[in-house]
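Data block below; observations after.
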Amino acid sequence: MGLGYLRLGQPATTLSGGEAQRLKIARELAQASGSRHGAHKLYILDEPTTGLHLDDVRTLCKVLDRLVDAGHSVLIIEHHLDVIKRADWIVDLGPGAGAEGGRVVAAGTPEDLARTPGSVTGRYLQDLA
């Protein structure tokens, strides 16, 4: 999960938001231990890939896949295209940042966004195809 550099006993107040999120995911997976029985949960993550090496992003994606395979839902606010392209459904907000943003530019599968002329995210997803 990209946390191998943390020290045992490191104070939680020294962790970044992304590190704390990934620790919570790891704890959830350990508690679930693969069981599909129990309450289905909605996980909301805010840019969990920030600062991660590409190998750690791949590991995180595998972990998120395990959550979905166990019947949970995962909602991610993310800019990392390798994560975005794996989504079942994307809501692209924009068309720009700050005062220029906040409107739904496109919504759908990665393929839908790649075909949407006004979607900047879709334009980048085309390049990945």
Side-chain angles (χ1 to χ4, degrees):
M1 301 256 331
L3 299 170
Y5 58 89
L6 294 179
R7 298 180 326 274
L8 191 59
Q10 182 171 336
T13 56
T14 65
L15 301 177
S16 72
E19 290 167 338
Q21 287 183 113
R22 292 192 306 277
L23 277 175
K24 288 177 185 176
I25 292 170
R27 183 185 67 221
E28 287 287 329
L29 284 173
Q31 289 174 350
S33 43
S35 172
R36 292 183 60 99
H37 308 293
H40 295 283
K41 296 181 180 179
L42 169 63
Y43 293 90
I44 302 173
L45 306 172
D46 185 8
E47 299 193 32
T49 63
T50 300
L52 288 184
H53 184 276
L54 282 178
D55 289 337
D56 295 325
V57 171
R58 283 189 209 86
T59 300
L60 177 63
C61 287
K62 289 176 188 174
V63 169
L64 297 174
D65 287 344
R66 284 179 56 195
L67 288 172
V68 171
D69 291 345
H72 303 293
S73 297
V74 179
L75 186 150
I76 305 173
I77 297 135
E78 186 59 77
H79 291 94
H80 197 293
L81 289 171
D82 288 329
V83 175
I84 294 171
K85 73 180 181 182
R86 298 169 54 91
D88 294 327
W89 193 261
I90 301 168
V91 178
D92 187 14
L93 299 175
E100 298 298 318
R103 293 188 301 277
V104 175
V105 174
T109 65
E111 295 79 15
D112 293 338
L113 263 70
R115 292 188 300 266
T116 303
S119 171
V120 175
T121 302
R123 188 173 343 131
Y124 286 103
L125 289 172
Q126 284 177 350
D127 294 342
L128 294 175

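Hydrogens, waters and symmetry mates play no part in the numbers below; they use all other heavy atoms, side chains included. Since this is a predicted model, take the numbers as computed values, not measurements.
Here the CD atom belonging to Glu47 is positioned 11.5 Å from the CG atom belonging to Leu52, to the nearest 0.5 angstrom. Rounding to the nearest 0.5 Å gives a distance of 11.5 Å between CG of Leu60 and NZ of Lys62. Remark: Asp92 CG to Leu113 CG distance equals 5.0 Å, nearest 0.5 Å. Interatomic distance, CG of Leu23 versus CG of Leu15, reported as 6.0 Å (0.5 Å rounding).
The side-chain heavy atoms of Leu125 and Ile90, taken from C-beta on, include a pair separated by under 4.5 Å. Contact of the Ser73 side chain with the Val68 side chain is not registered, since no non-hydrogen atoms from C-beta on lie closer than 4.5 Å. Contact of the Tyr43 side chain with the Leu67 side chain is registered, since non-hydrogen atoms from C-beta on lie closer than 4.5 Å. Using a 4.5 Å cut-off on side-chain heavy atoms (C-beta onward), His79 and Thr121 make no contact.
In this structure, the side chain of Ser16 engages the main chain of Glu19 through a donor-acceptor pair within 3.5 Å. At distances below 3.5 Å, not a single donor-acceptor pair connects side-chain atoms of His80 with backbone N or O atoms of Thr49. Looking at His72, its side chain does come within 3.5 Å of a backbone N or O of Lys41 through a donor-acceptor pair.
One hydrophobic cluster, built from ILVMFWY side chains closer than 4.5 Å, holds both Val120 and Leu81. Under a hydrophobic clustering in which Ile, Leu, Val, Met, Phe, Trp and Tyr are joined whenever their side-chain heavy atoms come within less than 4.5 Å, directly or via other members, Ile76 and Val91 fall into different clusters.
The side-chain hydrogen bond (donor to acceptor under 3.5 Å, both in side chains) test applied to Arg123 returns no partner, not counting sequence neighbours. Qualifying side-chain hydrogen bond (donor to acceptor under 3.5 Å, both in side chains) partners for Thr116, counting only residues two or more places apart in sequence or in other chains: none. The side-chain hydrogen bond (donor to acceptor under 3.5 Å, both in side chains) search around Asp112 returns Thr109, Arg115, not counting sequence neighbours. Asp55 is linked by a side-chain contact (heavy atoms from CB on, under 4.5 Å) to His53, Arg58, counting only residues two or more places apart in sequence or in another chain. Residues passing the side-chain contact (heavy atoms from CB on, under 4.5 Å) test with Pro11 are Thr13, Thr14, sequence neighbours excluded.
The salt bridge (charged side-chain N to carboxylate O under 4.0 Å, His left out) contacts involving residues 72-83 comprise Asp82-Lys85, where partners must be two or more places apart or lie in separate chains.
Scanning both residues, Val83 and Cys61, for their nearest heavy atoms gives CG2-SG, 3.9 Å.
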Side-chain donor-acceptor contacts of residues 93-107 below 3.5 Å, not counting sequence neighbours, with atom names and distances?
none

